[in-house]
Amino acid sequence: MQKYRSTMPMLLGLCLVGSTLAATPASAALGPTGTVFDGDYTGAMNLTTPAVSGDGPNSDSACVERRPATMLVRNGNVYLQYANWRGDVLHYRGTVDASGLADLYHTNGDGSRSILAGQISNDGLTGHVERGEACNYSVSLAKK
């Protein structure tokens, strides 16, 4: 009887693992895109729509013209970061689908979200960042 008591938990565990694997599609188990887009990317974000600080015709732009950015893609998950004008690192997170469409977001301090939409192809990402009424950027990154 002791022999069966020690093997039952193991058999039950194997049954649970087997049923979980059987219920999970192969594409999900391997990640939505496999390793096609996996890698490290570097490049820049360039200002397309400046926000304005102050009033009148001599007011200055509140935006930085160009920001270096890095991106990491692993199994369909995308992580992009860059430093804002104060030097704070902003993080965008999201996914890339099998066609290379990337959809990322950053949660701002006020709870709103900034959206980065892009396309990965030919070992690079091109896209744009929508920051509402704030600064908007075009994004161009190349795979290292």
Side-chain angles (χ1 to χ4, degrees), residues 5-144:
R5 282 189 194 170
S6 64
T7 58
M8 286 306 288
M10 182 178 68
L11 289 174
L12 180 58
L14 290 174
C15 290
L16 290 173
V17 169
S19 65
T20 303
L21 290 175
T24 305
S27 61
L30 297 175
T33 60
T35 61
V36 175
F37 302 113
D38 282 6
D40 298 322
Y41 296 73
T42 60
M45 300 171 51
N46 293 298
L47 184 64
T48 58
T49 308
V52 175
S53 170
D55 293 327
N58 295 327
S59 55
D60 294 326
S61 171
C63 305
V64 176
E65 291 287 325
R66 181 177 167 88
R67 298 168 187 237
T70 59
M71 183 174 76
L72 172 71
V73 179
R74 293 290 185 268
N75 294 321
N77 296 303
V78 183
Y79 309 94
L80 183 138
Q81 66 182 24
Y82 68 93
N84 69 7
W85 61 276
R86 290 188 309 225
D88 299 328
V89 177
L90 301 180
H91 301 273
Y92 282 75
R93 292 175 175 84
T95 57
V96 59
D97 68 15
S99 71
L101 185 62
D103 185 25
L104 293 82
Y105 69 91
H106 166 76
T107 303
N108 300 310
D110 64 2
S112 65
R113 285 190 171 177
S114 296
I115 304 297
L116 188 154
Q119 178 71 42
I120 300 177
S121 62
N122 299 323
D123 287 336
L125 172 115
T126 56
H128 62 280
V129 174
E130 298 289 332
R131 297 209 29 99
E133 293 181 17
C135 312
N136 295 317
Y137 292 89
S138 64
V139 182
S140 180
L141 305 172
K143 195 173 191 177
K144 289 188 203 178

* To do: Measure the shortest side-chain to side-chain distance between T95 and V78 over non-hydrogen atoms and say whether it is less than 4.5 angstrom.
  => no
* **Heavy-atom closest pair, residues Y82 and P68** => CB-O, 3.3 Å
* Ignoring hydrogens and angles, tell me if any N or O in the side chain of D38 forms a donor-acceptor pair with the backbone of N75 under 3.5 Å. => yes
Could you list the donor-acceptor pairs under 3.5 angstrom formed between side-chain atoms of residues 119-126 and any protein atom two or more places apart in sequence or on another chain?
from	atom 1	to	atom 2	distance (Å)
Q119	NE2	S99	O	2.7

* Under 4.5 Å between any side-chain heavy atoms of H106 and L116, yes or no? -> no
* Asked: Can you check whether L104 reaches I115 side chain to side chain, under 4.5 Å on heavy atoms?
  -> no
* **By side-chain hydrogen bond (donor to acceptor under 3.5 Å, both in side chains) - contacts of N108 (at least two apart)** => S112, S114, R131
* To do: Identify the heavy atoms of V73 and V96 that sit nearest to each other, and give their distance.
  => CG1-CG1, 4.0 Å
* Asked: Given side chains that start at C-beta, do those of V89 and H91 come closer than 4.5 Å, heavy atoms only?
  -> yes
* Quick one: salt bridge (charged side-chain N to carboxylate O under 4.0 Å, His left out) pairs with a partner in residues 77-91, sequence neighbours left out? -> R86-D88
* Asked: Side-chain contact, heavy-atom cut-off 4.5 Å: V129 with Y92?
  -> yes
* To do: May I ask you to check whether Y137 and R67 show a side-chain donor-acceptor distance below 3.5 Å?
  => yes
* Structure fact -> Of all heavy-atom pairs linking A69 and L141, the shortest is O-CD2, 3.7 Å
* To the nearest 0.5 Å, what is the distance between OH (Y79) and CZ (R74)? -> 10.0 Å
* **Heavy-atom closest pair, residues F37 and D97** => CE1-O, 3.4 Å
* Kindly state each residue pair satisfying salt bridge (charged side-chain N to carboxylate O under 4.0 Å, His left out) with at least one member in residues 134-144, sequence neighbours excluded. => none
* **Distance in Å, T107 OG1 paired with R93 CZ, rounded so as to fall on 0.5 Å steps** => 8.5 Å
* To do: Could you walk me through whether S140 and N46 pass the side-chain contact (heavy atoms from CB on, under 4.5 Å) test, one step at a time?
  => CA-CA 8 Å; S140 180; N46 293 298; 5.6 Å; no
* To do: Would you list the pairs meeting ring-ring contact (aromatic ring centres under 6.0 Å, His included) in which at least one residue belongs to residues 109-130, sequence neighbours left out?
  => none
